Structure formats: structure tokens, C-alpha cells
Trainee: 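The structure is given below, and queries will be raised subsequently.
Predicted, not measured: the structure shown is a model, and the values here were computed from it. Values reported hereafter were calculated over all heavy atoms of this structure, with side chains retained and with hydrogens, waters and symmetry mates removed. In this chain, numbering begins with 1 at the start of the sequence shown.
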Amino acid sequence: MDEDAGDDDQDRVLAPHVGAMAKEFDMANSKYLDELQILEGEHQRLQKEIEILEKSGSDVATLDRNFKIMEEDKVKFEEFDNRMNQKSEKYEARIQFLQEELDKVTVRQFPIDLKDIRVVAVNVVKLRTDNVDPRRYLGRLEAWQKRVEAAGAREWRVIDDIEHLDGVLKG
């Protein structure tokens with residue numbers, strides 16, 4: 001283009017180039033505008049989530065406080081459990097000692113004369129351990145039966161219900 005050309009001529013010559021550049025700018029800009037709209041939508045969604053979390057923040061604080069209390073209670077419970085285990089061990093040792101002392105002075109095996117006597121065991125007590133292993137209960141009954149029969153008893157019976165005692169005694 002000449003230097004002598006007027007402004008109108010220059011505008012006319014440059015107009016197609018400026019137009020093409022404007023189209024390119026609009027196309028590139030539209031891509032960014034679409035991205036801007038997406039980001040603005042995400043911003044609004046995040047703002048709503050923040051508001052919800054801020055409202056429920058008291059719930060989180062309550063959970064944190066309760067968790068700390070439970071952690072403290074856990075420590076207290078473990079201490080209590082340890083003390084109770086120590087006491088239990090102490091009492092078990094005492095019981096064992098007392099049982100050994102009792103066994104020294106208690107005579108359970110002595111001769112008895114049951115010649116021609118009917119022996120009826122009524123409501124024989126079952127120990128807690130007998131529920132775990134009923135053979136122990138039956139073994140004790142059998143041992144007593146042998147002892148009673150060896151002592152000359154005429155009869156050995158076991159009755160679990162006292163209401164049936166009359167029928168046994170009449171027979």
C-alpha cells in the first residue's frame with residue numbers, strides 16, 4: 001500500500017484482514033467462554049457444598065467431642081479391667097489356699113456302715129462345671145453309689161424331684 005493512499009483506502013484494504021482476525025479471536029474466545037460457564041457452574045455448586053458443610057460443622061464438632069470422650073473412657077475401662085483382673089487373681093489364689101487348708105482338716109473318706117439301709121439321694125446339686133461336662137456329675141453319682149453299696153446299703157436311688165419321694169419311700 002502507498003503512503004499516499006487515504007484512510008478510506010487503507011481501511012478498505014485492511015478490513016478483510018481485520019475481519020479474519022476478529023473471527024479467529026471470537027472462535028478462540030468462545031472456547032474460553034464455554035469453559036468459563038462450566039467453571040462458574042462448578043463454583044456455584046461448590047459454594048452450596050461449603051454452606052452445607054458449614055451448617056453441619058456442629059455435627060462434626062459433636063462427633064469429635066464424643067470421640068475424645070470415648071477414647072478417655074476406653075483408657076478408664078482398660079484401667080478398671082486391669083484392676084478387676086488383679087482382684088480376681090488375688091481371690092482365686094485365696095480360694096485355692098483356703099481349699100488346700102480345708103482339704104487338710106476335712107475328712108471325707110471314712111468308713112460308714114449302711115447295712116440294710118435304703119439310701120435315697122434327693123435333689124442332688126449340680127455344679128456349674130457339670131453343665132459344661134455332665135460326665136463329672138454322673139461320675140460323682142457313680143462314686144457315691146459305689147461307696148454306699150460298699151458300705152452295705154440295701155438300695156441306692158437318686159431322685160431329682162422331691163415330689164416323687166413319697167412313691168420311693170412307700171415302695
Side-chain angles (χ1 to χ4, degrees), residues 1-106 108 121-145 158-165:
M1 194 182 285
D2 276 339
E3 289 181 25
D4 293 337
D7 285 338
D8 288 337
D9 291 335
Q10 286 178 357
D11 286 344
R12 197 174 17 93
V13 171
L14 291 177
H17 296 294
V18 171
M21 287 172 64
K23 280 184 182 178
E24 282 182 38
F25 177 78
D26 287 342
M27 286 175 53
N29 197 28
S30 71
K31 178 174 68 170
Y32 295 120
L33 286 175
D34 291 342
E35 192 173 324
L36 178 65
Q37 288 175 346
I38 291 169
L39 291 174
E40 285 178 346
E42 188 173 341
H43 175 73
Q44 289 175 353
R45 183 185 58 81
L46 290 172
Q47 286 295 340
K48 287 178 183 175
E49 283 184 32
I50 289 171
E51 289 175 16
I52 291 170
L53 288 174
E54 286 175 346
K55 289 177 183 176
S56 69
S58 62
D59 293 340
V60 172
T62 301
L63 288 174
D64 285 341
R65 188 176 65 249
N66 290 346
F67 180 76
K68 288 176 185 175
I69 290 170
M70 290 190 331
E71 284 293 317
E72 292 170 2
D73 287 348
K74 178 183 173 187
V75 170
K76 290 176 186 176
F77 176 75
E78 287 172 349
E79 291 172 357
F80 173 78
D81 189 45
N82 287 335
R83 284 194 310 269
M84 292 301 110
N85 285 336
Q86 289 171 352
K87 283 184 178 183
S88 175
E89 290 170 4
K90 178 181 168 184
Y91 285 119
E92 287 174 6
R94 248 189 226 169
I95 289 170
Q96 184 177 357
F97 171 76
L98 291 173
Q99 185 63 48
E100 290 170 359
E101 292 297 310
L102 186 62
D103 290 344
K104 289 178 187 176
V105 295
T106 303
R108 293 181 182 254
V122 180
N123 290 339
V124 178
V125 176
K126 289 185 178 179
L127 305 175
R128 287 185 187 162
T129 55
D130 294 337
N131 291 329
V132 175
D133 186 1
R135 294 173 295 182
R136 293 180 67 183
Y137 172 74
L138 296 174
R140 277 197 315 280
L141 286 178
E142 187 177 320
W144 272 104
Q145 181 178 1
V158 177
I159 298 178
D160 290 332
D161 188 357
I162 200 161
E163 291 178 10
H164 295 101
L165 185 59

Trainee: After noting the C-alpha distance and the side-chain angles of Glu79 and Asn82, does the key distance pass the side-chain contact (heavy atoms from CB on, under 4.5 Å) rule?
Mentor: CA-CA 5 Å; Glu79 291 172 357; Asn82 287 335; 5.6 Å; no
Trainee: Mind checking the CG-CD spacing from Leu46 to Glu51? Nearest 0.5 Å is all I need.
Mentor: 11.5 Å
Trainee: Classify the side-chain pair Asp103/Gln99 by whether it contains a donor and acceptor separated by less than 3.5 Å.
Mentor: yes
Trainee: Can you tell me how far apart CG (Leu102) and CD1 (Ile95) are? Round to the nearest 0.5 Å.
Mentor: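 With rounding to 0.5 Å, CG (Leu102) is 12.5 Å from CD1 (Ile95).
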Trainee: Taking side chain as C-beta onward, heavy atoms only, is Lys74 less than 4.5 Å from Phe77?
Mentor: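 Not touching, per the 4.5 Å side-chain cut-off.
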Trainee: Are any of the side-chain heavy atoms of Glu40 and Leu36 separated by less than 4.5 Å?
Mentor: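 SC-SC contact between Glu40 and Leu36 confirmed.
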Trainee: With rounding to the nearest 0.5 angstrom, report the CG to CZ distance, Asn85 to Phe80.
Mentor: 10.0 Å
Trainee: Would you mind checking if Glu101 and Lys104 are paired as a salt bridge, meaning a charged N to carboxylate O distance below 4.0 Å?
Mentor: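 Salt bridge present between Lys104 and Glu101.
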Trainee: Less than 4.5 Å apart, side chain to side chain, heavy atoms only: is that true for Gln96 and Glu100?
Mentor: yes
Trainee: Mind jotting down which residue pairs meet the side chain to side chain donor-acceptor pair (under 3.5 Å) criterion with at least one end in residues 135-144? Sequence neighbours excluded, please.
Mentor: Thr129-Arg136, Asp130-Arg140, Asp133-Arg135, Glu142-Lys146
Trainee: Take Glu49 and Arg45 through the test salt bridge (Lys or Arg N to Asp or Glu O under 4.0 Å) and record every step on the way to the result.
Mentor: CA-CA 6 Å; Glu49 283 184 32; Arg45 183 185 58 81; 2.5 Å; yes
Trainee: Is the shortest side-chain heavy-atom distance between Lys31 and Asp34 below 4.5 Å?
Mentor: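 The answer is no; the side chains never approach within 4.5 Å.
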Trainee: Does the side chain of Arg65 reach to within under 4.5 Å of the side chain of Thr62, using non-hydrogen atoms?
Mentor: yes
Trainee: Just checking Met84: does its CE atom have more than 12 heavy atoms from other residues, nucleotides or ligands closer to it than 6.0 angstrom?
Mentor: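 Atom CE in Met84 is packed in, count exceeds 12.
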